[in-house]
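Each remark here refers to the structure printed beneath this line.
Letters A, B, ... mirror the listed sequences (proteins, then strands); counts begin at 1.
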Protein chains: 2
Amino acid sequence: MDAQEKFENFIRKKGLKNTSERKRVIEAVKSLKGHFDTEKLYSAVKRLNKNVSRASVYRTVPLLAAAGVVHESMHKDGRTMYEYSSDYHHHDHMLCIKCGRIIEFEESGIEGLQEKVCRKHRFKMTGHGLVIKGICDKCV
Amino acid sequence: MDAQEKFENFIRKKGLKNTSERKRVIEAVKSLKGHFDTEKLYSAVKRLNKNVSRASVYRTVPLLAAAGVVHESMHKDGRTMYEYSSDYHHHDHMLCIKCGRIIEFEESGIEGLQEKVCRKHRFKMTGHGLVIKGICDKCV
DNA sequence: TCGTTAATTGAGATTGAGTATCAATATTAC
DNA sequence: GTAATATTGATACTCAATCTCAATTAACGA
Ligand SMILES: [Mn+2]
Ligand SMILES: [Mn+2]
Ligand SMILES: [Zn+2]
Ligand SMILES: [Zn+2]
């Protein structure tokens with residue numbers, strides 16, 4: 001499903017309004033490759049000559065996350081990083097403390113053990129994030 | 001090893017100075033139970049009638065982390081949370097999105113799989129953090 | 001103990017990401 | 001089209017975190 005369409009469904013279900021500003025923010029999201037924070041998204045909006053205020057960009061991001069158009073991926077330098085993927089499926093991240101490179105990985109064994117731990121604590125998981133910090137092979 | 005002693009060794013190795021302000025910050029760390037951010041630590045310093053400026057408290061925290069006196073545990077509301085433990089051993093966290101409760105857990109299977117993934121990517125892990133978000137048993 | 005050197009401190013200014021305000025405007029349902 | 005309501009944007013504001021720099025202090029060797 002297309003991002004605009006996905007967001008439209010969400011908006012309708014919530015009784016919100018599908019404004020041109022929100023559409024323009026989604027265009028900017030699509031133009032970005034990789035991981036980004038809200039400030040970077042705001043820059044992308046301006047770069048595309050879309051006129052959306054900083055306030056509205058900041059207000060739109062949580063909606064995009066709730067709609068599943070973007071995914072909160074990790075924290076870097078105290079900022080929440082997001083990522084867009086048309087066909088998202090879950091993964092975790094390694095973060096190189098020297099060059100800042102982000103490596104994505106999947107490990108179903110870890111996912112399974114997380115669920116086991118949650119059952120043990122009667123904890124209803126809604127999301128999780130694993131970040132491994134260290135030094136990547138290019139920085140040794 | 002005591003926290004003061006541990007920090008002293010670190011300070012000496014780095015050629016820094018063991019000031020009374022730094023000692024007072026460590027006293028404040030010891031007075032805190034559980035997880036805290038830097039602002040909360042600064043409050044604790046004041047509560048103990050220790051006179052250390054905000055700037056120095058903020059400057060000291062990264063040193064404490066580097067010395068292993070405190071451990072960076074997770075991000076909550078965009079803030080880095082730390083924790084002190086005289087006999088620290090690694091654990092991960094569940095965070096209840098309703099009440100804010102933090103549950104600690106250990107799962108050696110996950111630790112092992114992380115190492116496996118790192119070997120696969122030739123990544124030299126220096127640290128990691130897993131946060132599971134969801135709803136705790138008291139909030140169902 | 002004294003003096004030299006470099007690290008550290010603190011008060012206050014500054015930065016900057018993120019939020020609040022509120023009148024003007026746009027969207028939706030009917 | 002109209003009414004009801006959500007949204008926008010310019011701007012002011014908040015507040016954690018950092019920077020500045022003169023004054024202070026720890027460390028160390030003579
Ligand atoms: Mn990713
Ligand atoms: Mn903990
Ligand atoms: Zn690297
Ligand atoms: Zn709870």
Which residue lies toward the 5' end of DNA chain C, S20(B) or T19(A), if each is placed at its nearest nucleotide?
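The residue closer to the strand's 5' end, by nearest nucleotide, is S20(B).
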
Phosphate OP1/OP2 of dG10(C) contacted by S56(B) side-chain N/O (<4.0 Å):
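Yes.
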
G15(A) or N51(A): which one's nearest nucleotide on DNA chain D is closer to the 5' end?
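Its nucleotide being nearer the 5' end, the pick is G15(A).
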
In terms of heavy-atom contacts, does [atom1] of [X] have more than 12 from other residues, nucleotides or ligands at under 6.0 Å?
| X | atom1 | result |
| --- | --- | --- |
| N51(B) | CG | no |
| K133(B) | NZ | no |
| D137(A) | CG | yes |
| K124(A) | NZ | no |

Closest to the [X] side chain, choosing from [options]:
| X | options | value |
| --- | --- | --- |
| E21(A) | dT8(C), dT8(D), dT7(D) | dT8(D) |
| K17(B) | dA7(C), dG10(C), dG9(D) | dA7(C) |
| L16(A) | dT7(D), dA11(C), dT8(C) | dT7(D) |

Taking [atom1] from [X] and [atom2] from [N], how many angstroms apart are they, rounded to a whole number?
| X | N | atom1 | atom2 | answer |
| --- | --- | --- | --- | --- |
| H75(B) | dG18(C) | NE2 | P | 14 Å |
| K50(B) | dG10(C) | NZ | C1' | 18 Å |
| N18(B) | dT8(C) | CG | P | 10 Å |
| R22(A) | dG9(D) | CZ | C1' | 14 Å |
| K23(B) | dA27(D) | NZ | P | 7 Å |
| R12(A) | dA6(D) | CZ | P | 17 Å |
| Y42(B) | dT9(C) | OH | P | 14 Å |
| D77(A) | dA17(C) | CG | C1' | 13 Å |

Strictly under 6.0 Å, is that where the ring centroids of H91(A) and H93(A) end up?
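Here the rings of H93(A) and H91(A) have centres that are less than 6.0 Å from each other.
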
Looking at side-chain heavy atoms only, is the closest gap between V131(B) and V131(A) below 4.5 Å?
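Sidechains of V131(A) and V131(B): no contact.
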
Side-chain heavy-atom pair F7(B), R22(B) within 4.5 angstrom cut-off
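A side-chain contact under 4.5 Å exists here.
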
Protein-proximity profile, nucleotides 14-24 of chain D, B/S/- by nucleotide at the 4.0 Å heavy-atom cutoff, equals --SSSBB----

